[in-house]
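All remarks here apply to the structure that follows.
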Amino acid sequence: MSLLGKSIGFFLVLIFISVFSFSFIGFSNELSQIQTVESLLEEKVTTNDFSLHDNSYIYDSNGNIISEIYKEENRIYISYDEIPTYFIEAIIATEDRHFFSHKGFDITGIARAFLVNAENQSIEQGGSTLTQQLVKNIYLTNDRTYNRKLTELLYAFQIEKMFSKEKILELYLNAIFFQNGVYGIEAASQFYLSRSVSELSLAEVAYLLAIPNNPTHYNPFINPGNTTERKNWILAKMLELQFITKEQHNAARDRKITLNPSKKIDLYPDYVTYIHYEFEQLVGEKEGYNQKIERASTNEHKNQYISRRKKRVEELLSSGIHIHSSLQPKKQENIYQVIAQRIPNQSIQGAAVIIDHRSNNIVAISGGKQYKKFDLHRGFQAFRQPGSSIKSLLVFAPYLSERNSSINNFINASAFCKNGYCPRNYGGATYGNVRLETAFKHSYNTAAVRMLDQIGIETAFSYFFKLGFTKIVEEDFNLPSALGGLTYGVSPLEMTTAYTTFANEGMFQKARGIEKVLDANGKVLLEWDKNPQQVWNKETNSKMRSLLNKVITEGTARKAYYNSGNNFIGGKTGTTNTFHDLWFIGLNEEYTTGVWVGYDQPKSLAHINSRAPHLLIWRDLMGD
């Protein structure tokens, strides 16, 4: 290009910049007074605009990733210090040779592009710098108009004032699109080659950087020949600027690239689904949304706060957070295998929860057989009648606490009727005065209802309300509740958590799956507060442990027995009158485990009751 041509191009570009600057001010009529272009740019271009979406992760208790979280943009943000030199040299050689010397736009490049466009009477070339391309990725469309190009120039100039050259390169290499939903060099490296950028060869770097120039045309899954051709062109440009030697160029040019695509990590759908739910609750608790939802005076206001909480959760999940959970993969996998083995009938469902009651961590939770992510989760979203498993929590523990009774004291287990309510024992059997231990281990209904009546319904529920149940309503304040006759019921997670009190000297602490949430820089962002609450005293708790042990050794749960040596095991069965639900909640020295078996649409399980799948599942999970 001649000197005269360059001069004309430079002159014309300056004219367009000047015209656009005045137009830019003219379009700001909403401002109370005329401002300079610089002040307008300071308002419109802020550092907040350069917060790129980043993948988030859920980890198990061993620190291994079990779920990558992203929607449209798969991006793994890395800092400038983590970017290999080859990437920087390749992008400089092919996209912007004067990057480290210009102020956001390259006059020579713009003039050259302008003359080419004028000659072709179209906008074929843009002459964009890396900074301008970053502007386009963050702010602008791909429309090829001079108005958009001039906006791009002004924004690029402002960005060069805001950031160092290194930061701009960092942003650019994390922002560029690599097709197949992948953004940024690290995500691209892992997606296409299953390795980090730090492990790539020169040839692989050039191959990856071939894609963003035209992601469809250079998609290596569809057009590998095109990708290879541009790879070699990139290597030639790097050689031209002496970033690499002739030997390096030849070796990289001749090296064939083999794709090794990786799949999105998304394991243990039951546990991960629960963690998503708990994370939303954690955000709501720590940032005040939950309190506003509870205090909302109308459903409209309640839904507004729920929507705001959800939006905040999405913001955090797109910021590159790290959610560390308590999942123990071996126990989670064991739940899958045991439930499938013990409930072969495809139409019968089952769920289990395992809590490490020493730390109150949920180490495994199932949503049902063949569970799919975000479906109805039977572990914490299915509320069913608990049957006799509620007796430990609503009847016997409150009774022992209020009466200071011995488990060898007697209770009348004969027929009982009050206000037309006449409960029956299993099989219609009748009993007289029996010891509390006998009434518990054999689950006599008449004794339980009589005990609830004696201590008072409100007194019993004053204990029960401390155990974290969420769907107890005023209509539940009646005698049938002693046998699990509740309006909405309880979830397996709620029941299992409530039973951890018997492992913790009567103290209740809500069980959690999330141990901590870190931000992208490794700083603790969120974690649950510890607020244990005394529900019953240690003496009552000791008596309950003795009763729970008798259920397994001598009572209704003998099929759950396993040889634990000298260690404690105990629990309580629960069967609704119509056999719609089978429960067993029990504990040993380390874990509290709850098991529920039933149909999604309740109907009788009488045909499998004698096989006691709920007891066998519990035994298999706890005795492994």
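Quick caveat, the model's predicted, so the values are computed rather than measured.
Ring-plane geometry between F99 and H102 is classed as perpendicular, the angle between the planes exceeding 60 degrees on a 0 to 90 degree scale with a lower cut at 30. The aromatic rings of F374 and H276 sit perpendicular to each other, their planes meeting at more than 60°, with 30° as the lower class boundary. Below 30°, between 30° and 60°, or above 60°: for Y59 and H324 the angle between ring planes is below 30°, a parallel geometry.
In this structure, S366 contributes its side chain and A352 its backbone to a donor-acceptor pair below 3.5 Å. A distance-only check finds no donor-acceptor pair linking the side chain of S326 to the backbone of N361 [under 3.5 Å]. Side-chain atoms of N174 come within 3.5 Å of backbone N or O of E170 as a donor-acceptor pair. Of the possible donor and acceptor atoms, none in the side chain of T592 sits under 3.5 Å from a partner among the backbone N and O of T496. Checking side-chain atoms of D519 against main-chain N and O of N521 turns up a donor-acceptor pair under 3.5 Å. Put simply, the side chain of N62 never gets that close to the backbone of N64: no donor and acceptor are under 3.5 Å apart. In this structure a side-chain-to-backbone donor-acceptor pair under 3.5 Å is present from E199 to S196. Y371 places a side-chain N or O within 3.5 Å of a backbone atom of D375 that can act as its donor or acceptor partner. Side-chain atoms of Q132 never come within 3.5 Å of backbone atoms of S128 as a donor-acceptor pair (strictly under, hydrogens ignored).
Of all heavy-atom pairs between A210 and K231, the closest is CB-N, 3.9 Å. Residues T258 and L193 come closest through the heavy atom pair O-CD2, 3.8 Å. Pairing each heavy atom of L493 with each of T497, the nearest pair is O-OG1, 2.8 Å. Residues Y268 and P329 approach most closely at OH-CB, 3.3 Å, considering heavy atoms. Looking at every heavy atom in both residues, P212 comes nearest to I176 through CG-CD1, 4.0 Å. In plain terms, the two heavy atoms of A203 and A252 that are nearest each other are CB-O, 3.5 Å.
The pair E204-R255 counts as a salt bridge, with a side-chain nitrogen and a carboxylate oxygen less than 4.0 angstrom apart. Between E240 and R97 there is a salt bridge, since a side-chain N of the basic residue sits under 4.0 Å from a carboxylate O of the acidic one. Comment: D270 does not engage K373 in a salt bridge, judged by the lack of any side-chain N to carboxylate O separation of less than 4.0 angstrom. Under 4.0 Å is where a charged nitrogen must lie from a carboxylate oxygen, and between K165 and E160 at least one such pair does. A salt bridge is absent between R312 and E280: the closest approach of a Lys/Arg side-chain nitrogen to an acidic carboxylate oxygen does not fall below 4.0 angstrom. A salt bridge does not link R309 with E287: none of the charged nitrogens is closer than 4.0 Å to a carboxylate oxygen.
Using a 4.5 Å heavy-atom threshold, the side chains of K372 and P269 count as separate. Here the side chains of V363 and I355 are not in contact, with every heavy-atom distance at 4.5 Å or above. The shortest side-chain heavy-atom distance between E314 and L317 does not fall under the 4.5 Å cut-off.
Legend: salt bridge (charged side-chain N to carboxylate O under 4.0 Å, His left out) pairs involving residues 358-367, not counting sequence neighbours, sorted by first then second residue: D356-R358, R358-E590.
Atoms CG and CD1, on L134 and I159 in that order, are 5.0 Å from each other to the nearest 0.5 Å. Here R75 contributes atom CZ and D54 contributes atom CG; the two are 7.5 Å apart, rounded to the nearest 0.5 Å. To the nearest 0.5 Å, atom OG1 of residue T227 and atom CD1 of residue I257 are 10.5 Å apart.
A distance of 6.0 Å or more separates the ring centres of Y289 and Y305. Here H53 and Y70 keep their ring centres 6.0 angstrom or further from each other. Remark: aromatic rings of Y277 and F380 are close, center separation under 6.0 Å.
Surrounding NZ of K264 are more than 12 heavy atoms belonging to other residues, nucleotides or ligands, all under 6.0 Å away.
Both tests pass for K331 against the ring of Y591: distance under 6.0 Å to the centre and angle within 45° of the axis.
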* For Y207 and Y192, what are the C-alpha separation, side-chain angles and deciding distance, and is it a ring pair (Phe, Tyr, Trp, His ring centres under 6.0 Å)? -> CA-CA 10 Å; Y207 191 82; Y192 289 108; 8.1 Å; no
* Step-by-step side-chain contact (heavy atoms from CB on, under 4.5 Å) determination, N55 to Y183 -> CA-CA 10 Å; N55 294 355; Y183 291 79; over 6 Å; no
* Given the rule in the side-chain contact (heavy atoms from CB on, under 4.5 Å) test, do N334 and L621 qualify, once you have shown the distances and angles that lead to the verdict? -> CA-CA 7 Å; N334 200 24; L621 294 178; 3.9 Å; yes
